[in-house]
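Remarks on the structure that follows.
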Amino acid sequence: MPELPEVETIRRSLDPLVVGRRIEAVEIRCRQLRRPLDKDFAGQLVGRAICATGRRAKYLLFGLDNGKSWILHFGMSGRLFLRRSFPAAGAGTAGKHDHVIVSFDDGAALVFHDPRRFGLMLVDEGTTCPLFDGLGPEPFDCDAFDGEYLKRLGRTTRRSIKDVLMDQRVVAGLGNIYVNEALFACGLRPRRRLSRLTRAQCNALVESCRRVLREAVEHRGSSISDFLDGVGRRGGYQYKHHVYDRAGEPCSRCGSTIKSVVIGQRSSFYCPKCQS
DNA sequence: GTAAACCTGGCA
DNA sequence: TGCCAGGTTTAC
């Protein structure tokens, strides 16, 4: 589910509600996420106050008062939401797939819910966590992610632009929705090889990624079927999608039928007339 | 590169 | 019943 805009939306919705609060208890109902939760996961959180929220790529971070961070990844189906008043641990009111419940001293709690359990959670240094080692630049980092960067990459790879932009080592935070939308925005087909793009096309591609992501954040993310922010609100950007999940529908710009192809095991969508 | 793996749920 | 899904990792 969550790509950069959704994670950022969750962060913004929770920031004013959790910063400054102290964690009183952590209930683990299922340790088995993408990787099993560390044995001491709960111990590293209990008693700590949350000082700040942050985001790196698709990871959400809660900065703690001991300098470490509670780091979460949502995989495909993860959610995090605040329950204003959560009954004591073991009260039996947690829902199915509510795997971890982090309670504050007034009874409110952050609930991590993840049916597919592709999510990830740990406590580590927010800056040097090994999970972040291989990540590429943030899309909004204009110094590191620019047309020249893509052009240079294109000299050493035969990969498609869809494949490259999906690669978190190249640029971190885009996923299937926003790569498809960014490619529509700059009129390039997903199968185009990066090596065949002109410098101007590389520049346009970078700008399209940033614009689509910025607009998606402004609309508080895309709720395709189940995305909700930290206080249970749906996003609105799904109504702005031009191609994602619109195979067979008319292009909003020219009326041609949106096509779908599979690239790297993921569905890709494009308008055969607007994109070349 | 491409496929399969990790999981559950929804839909045709 | 089978296929698909916002992601990532691992193995041919």
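Chain identifiers are assigned alphabetically (A, B, ...) following the order of the sequence lines, protein sequences preceding nucleic acid strands; residue numbering begins at 1 within each chain.
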task = Go through DNA chain B and write down every stem, that is, every run of at least three consecutive Watson-Crick or G-U wobble pairs with distances under 3.5 Å, as range with range.
result = B:1-6 with C:7-12, B:8-12 with C:1-5
ask   = Hey, is the side chain of A/Gln265 poking within less than 4.0 Å of OP1 or OP2 on B/dA4, counting only N and O atoms?
value = no
query = At under 4.0 Å, does any side-chain N or O of A/Arg266 touch on OP1 or OP2 of C/dG6?
reply = yes
query = Per the atom types in the model, does the base of C/dG6 pair as donor or acceptor with the side chain of A/Ser225 at under 3.5 Å?
reply = yes
task = Could you check how far NE2 of A/His241 sits from P of C/dA5, rounded to whole Å?
result = 15 Å
request  = Kindly say if A/Tyr244 contacts the phosphate of C/dG6, meaning a side-chain N or O under 4.0 Å from OP1 or OP2.
outcome  = yes
inquiry  = Of the listed nucleotides (C/dG6, C/dT8, B/dG9), which one gets closest to any side-chain atom of A/His97?
reply    = B/dG9
task = Classify the ring geometry between A/Phe81 and A/His113 as parallel (under 30°), tilted (30 to 60°) or perpendicular (over 60°).
result = tilted
inquiry  = For B/dC7, does the base pair up with any side-chain atom of A/Arg116 as donor and acceptor (N or O, under 3.5 Å, distance only)?
reply    = yes
key: By side-chain contact (heavy atoms from CB on, under 4.5 Å) - contacts of A/Arg11 (at least two apart)   = A/Glu8, A/Asp15, A/Thr53, A/Arg55, A/Leu60
request  = Let me know the distance between CZ of A/Phe269 and P of C/dG6, rounded to the nearest Å.
outcome  = 7 Å
query = Parallel, tilted or perpendicular for A/Tyr178 and A/His241, by the 30°/60° rule?
reply = perpendicular
key: Whole angstrom value for the distance that separates P of C/dG6 from CG of A/Leu120   = 19 Å
